[in-house]
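Reviewing the structure listed below.
Everything numeric in this text was worked out from a predicted model, so none of it was measured.
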Amino acid sequence: MQEQQRVLDLTRSYNLRELGGYQTVDGKSVKWHKLLRSGSLNALTATDIEDLLNYGVAYDVDFRSRHEIKVAPDPFDNNQLTYHRLSVFPFTDQADTPKKPAKKGLMRLFGKKEAATPERSSMDRMYQQLVTDSHAQAAYRDLFTVLLNNHDTNGAVLYHCSAGKDRTGVATFLILSALGVDWKTIVADYVLSNEVLGLSSATPTRISSNDSQVASMNAKSITQANLELVRDTINQEYGNIENYLSKAMALKPEEIKQLKEDYLE
């Protein structure tokens, strides 16, 4: 893999990308070999794993559900890196949703069974809940803890879900916002998943899942409107992204400062 390559080309990776090089509003840039986002990793070859470890990956953050992970676990050994299961699904804040994850799939992934409308589709509800549901917030809050614990190393944090575009896309929005990257750059990185996965083409990359709802979500292309809904939901509930990072993500000013020192140059 090249030293400064946006899309990392491994034999059996999906949507594996670098965040290095993105500019912040104050003229700094994200360090290379520090932040990687990805889709499923379970199909990586032995050579792929060696390449990632040589690249500097020290932490593997897995946003998939317990059920997804059980069927398709990440392939790293415990002595190769530090693994964190930070499941974003299932959501838990609906009155008719059990607090414990469902044993078989994500049957209540999108909350209450409401009639889908153009104004409020199941995908819309999912994106809103990614930043408002307490279980999802806890997962993203723990992600920032992992980032802060990478303080004294040169290692990279790799975080992923299944397709690497929805759960991972929102995580990237939060990380880049905390680092001070501008909105236009964040959107460009977000929608890049469509190109990498070929979701707007006749031959998209098919990422299977043992859960039918996740598989359906994986097959859908994404638009700027998805991320705008996330931003608008945050603004409505918290006032702005800074308040969200402070209140929902529990990040103190000195921790934001540390993140910028550790991941920017």
Would you list the pairs meeting salt bridge (Lys or Arg N to Asp or Glu O under 4.0 Å) in which at least one residue belongs to residues 173-192, sequence neighbours left out?
->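 Listed once each, the pairs are Arg17-Asp189, Arg37-Asp189.
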Between [atom1] on residue [X] and [atom2] on residue [Y], distance to nearest 0.5 Å:
X	Y	atom1	atom2	result
Leu41	Asp74	CG	CG	5.0 Å
Thr132	Gln236	OG1	CD	10.0 Å
Asn42	Ile69	CG	CD1	11.0 Å
Ser29	Glu265	OG	CD	4.5 Å
Leu8	Glu18	CG	CD	6.0 Å
Leu229	Ser121	CG	OG	8.5 Å

Is there a side-chain contact between [X] and [Y] in this structure, where contact means two heavy atoms from C-beta onward sitting under 4.5 Å apart?
X	Y	answer
Ile175	Tyr159	yes
Phe89	Met217	yes
Asn150	Lys34	yes
Thr185	Leu176	no
Asp48	Thr45	yes
Thr223	Val191	no
Val30	Leu264	yes
Met249	Gln137	yes

Parallel under 30°, tilted from 30 to 60°, perpendicular over 60°: which one fits the rings of His84 and Tyr59?
->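 The arrangement is parallel - the two ring planes meet at less than 30°.
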Quick one: sort the His33 and Tyr55 rings into parallel, tilted or perpendicular, breaks at 30° and 60°.
->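 Answer is parallel, since the angle falls under 30°.
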Hey, is [atom1] on [X] packed in by over 12 heavy atoms from elsewhere, all under 6.0 Å?
X	atom1	result
Glu254	CD	yes
Asn54	CG	yes
Asn78	CG	no
Arg85	CZ	yes
Lys28	NZ	no

Full working for side chain to side chain contact (heavy atoms under 4.5 Å, CB included) between Val157 and Tyr263 = CA-CA 10 Å; Val157 175; Tyr263 294 93; 4.0 Å; yes
Are [X] and [Y] linked, directly or through other ILVMFWY residues, by side chains that come within less than 4.5 angstrom of each other?
X	Y	value
Leu36	Leu53	yes
Tyr140	Met126	yes
Leu251	Leu86	yes
Leu158	Leu10	yes
Leu192	Leu227	no

For residues 195-204, which side-chain N or O atoms pair as donor and acceptor with protein atoms under 3.5 Å away, sequence neighbours left out?
from, atom 1, to, atom 2, distance (Å)
Ser201, OG, Gly198, O, 2.7
Ser201, OG, Thr203, N, 3.3

Show the atom names and distances, to 0.1 Å, of all donor-acceptor pairs under 3.5 Å that link a side chain in residues 141-149 to residues at least two apart or in another chain.
from, atom 1, to, atom 2, distance (Å)
Arg141, NH1, Ala248, O, 2.7
Thr145, OG1, Arg141, O, 3.4
Asn149, ND2, Thr145, O, 3.3

Minimum heavy-atom separation for [X] to [Y], with atom names?
X	Y	value
Gln129	Ala136	O-CB, 3.9 Å
Tyr190	Gly169	CD1-CA, 4.1 Å
Thr92	Ser134	OG1-OG, 3.5 Å
Ile256	Leu245	CD1-CD1, 4.5 Å

Working for side chain to side chain contact (heavy atoms under 4.5 Å, CB included), residues Tyr127 and Glu228 | CA-CA 10 Å; Tyr127 266 98; Glu228 288 175 344; over 6 Å; no
Output, in order, the C-alpha distance, side-chain angles, deciding distance and verdict of side chain to side chain contact (heavy atoms under 4.5 Å, CB included) for Arg231 and Ile241.
-> CA-CA 8 Å; Arg231 182 186 62 178; Ile241 184 63; over 6 Å; no
Quick one: does [X]'s side chain have a donor or acceptor within less than 3.5 Å of a partner on [Y]'s backbone?
X	Y	value
Asn194	Ile222	yes
Asp166	Asn218	no
Asn15	Gly164	yes
His135	Val88	yes
Ser246	Glu242	no
Lys165	Lys220	yes
Gln128	Val230	no
Arg64	Ala72	yes

Cation-pi, Tyr22 ring and Arg6 (6.0 angstrom, 45 degrees) = yes
Side chain to side chain contact (heavy atoms under 4.5 Å, CB included) partner of Ser38, chosen from Val57, Leu16, Leu44, Thr168 = Leu16
Determine, stepwise, if the pair Thr24 / Lys260 fulfils side chain to side chain contact (heavy atoms under 4.5 Å, CB included).
-> CA-CA 10 Å; Thr24 66; Lys260 292 180 177 180; over 6 Å; no
